[in-house]
Amino acid sequence: MRQRRFFFDISGATALEFAMCAPAFFMLVMGIIELGLLVWMQMALQQGVESAARCASINKTTCSSTSNIQAYASAQSFGLAPPAATFTVTTPACGNQVQASYRPTYLPSFPIPTRTLTAQACFPV
């Protein structure tokens with residue numbers, strides 16, 4: 001009788017179901033957060049290169065040299081603040097072109113492969 005009551009007892013079923021589902025749920029939530037951060041970083045990098053390419057073509061006092069353009073691009077990157085060396089400045093046929101290549105850092109507890117973000121903008125002179 002006692003053994004039969006043990007097999008049909010469901011008092012800990014909720015805790016067991018939570019223990020089985022929680023890791024997958026938390027990994028899903030962390031993945032969504034990381035994906036959001038990755039999209040935000042890409043948008044920040046794109047904003048930086050677009051602003052810097054425009055500044056190089058229009059505002060010759062603020063963006064007078066390559067180092068000034070790189071610093072301007074870093075400052076215009078939505079608070080991402082990548083190093084100025086992340087940005088390269090060239091003058092091809094389309095005008096002033098700014099490119100960026102940035103390797104972001106992720107949360108240390110979430111093992112996802114690293115990916116290099118790139119952005120490019122060209123503004124006519």
Side-chain angles (χ1 to χ4, degrees):
M1 183 73 173
R2 186 178 191 131
Q3 187 179 16
R4 180 174 244 216
R5 195 171 18 157
F6 175 75
F7 284 120
F8 292 107
D9 187 17
I10 61 168
S11 61
T14 305
L16 181 63
E17 288 171 1
F18 177 76
M20 291 172 61
C21 295
F25 176 72
F26 290 131
M27 288 292 282
L28 177 69
V29 169
M30 291 299 291
I32 291 170
I33 291 171
E34 284 293 324
L35 183 63
L37 284 172
L38 190 67
V39 169
W40 173 75
M41 286 183 222
Q42 178 65 43
M43 295 296 292
L45 207 58
Q46 189 65 38
Q47 170 66 25
V49 297
E50 287 176 5
S51 296
R54 184 176 188 277
C55 180
S57 294
I58 293 175
N59 192 350
K60 295 295 183 184
T61 57
T62 304
C63 298
S64 58
S65 67
T66 301
S67 60
N68 288 350
I69 296 169
Q70 290 173 326
Y72 186 82
S74 179
Q76 294 297 315
S77 294
F78 284 158
L80 182 61
T86 302
F87 301 94
T88 57
V89 180
T90 57
T91 54
C94 67
N96 290 313
Q97 183 174 359
V98 180
Q99 295 176 322
S101 180
Y102 181 66
R103 189 173 204 101
T105 56
Y106 296 100
L107 296 175
S109 61
F110 195 67
I112 60 174
T114 57
R115 179 182 170 113
T116 303
L117 300 176
T118 58
Q120 174 181 330
C122 192
F123 200 86
V125 180

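All values reported here derive from a predicted model rather than from experimental measurement.
Summarising the geometry of Gln97 relative to Pro92, their closest heavy-atom pair is OE1-CG, 3.0 Å, with the distance given to 0.1 Å. Nearest heavy atoms, Phe78 versus Trp40: O-CZ2, 3.4 Å. The two residues Ala56 and Ile69 come nearest to each other via the heavy atoms CB-CD1, 3.5 Å. In plain terms, the two heavy atoms of Gln120 and Gln46 that are nearest each other are O-NE2, 3.3 Å. Minimum interatomic distance between Ser77 and Ala44 (heavy atoms only, all atoms of both residues): O-CB, 3.3 Å. What you find for Pro82 and Ser74 is that their closest heavy atoms are O-OG, 2.5 Å.
Note on Leu38: it clusters hydrophobically with Val29, by side-chain heavy-atom contacts below 4.5 Å among ILVMFWY residues. Leu35 and Leu45 fall into different hydrophobic clusters, where Ile, Leu, Val, Met, Phe, Trp and Tyr residues are linked whenever their side-chain heavy atoms come under 4.5 Å apart, directly or through other members.
Remark: side-chain polar atoms of Gln70 are paired, donor with acceptor, to backbone N or O of Phe87 under 3.5 angstrom. In this structure a side-chain-to-backbone donor-acceptor pair under 3.5 Å is present from Thr86 to Pro83. Between the side chain of Ser57 and the backbone N or O of Phe123, at least one donor-acceptor pair lies under 3.5 Å. With hydrogens and angles ignored, the 3.5 Å screen pairs no side-chain donor or acceptor of Ser101 with any backbone N or O of Thr118.
The distance from atom CD of Gln42 to atom CD of Gln47, rounded to the nearest 0.5 Å, is 12.5 Å.
Side-chain atoms of Tyr72 and Asn59, non-hydrogen and from C-beta on, never get closer than 4.5 Å to each other.
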Mind running side-chain contact (heavy atoms from CB on, under 4.5 Å) on Met41 and Leu37 for me, showing each step along the way?
-> CA-CA 6 Å; Met41 286 183 222; Leu37 284 172; 4.3 Å; yes

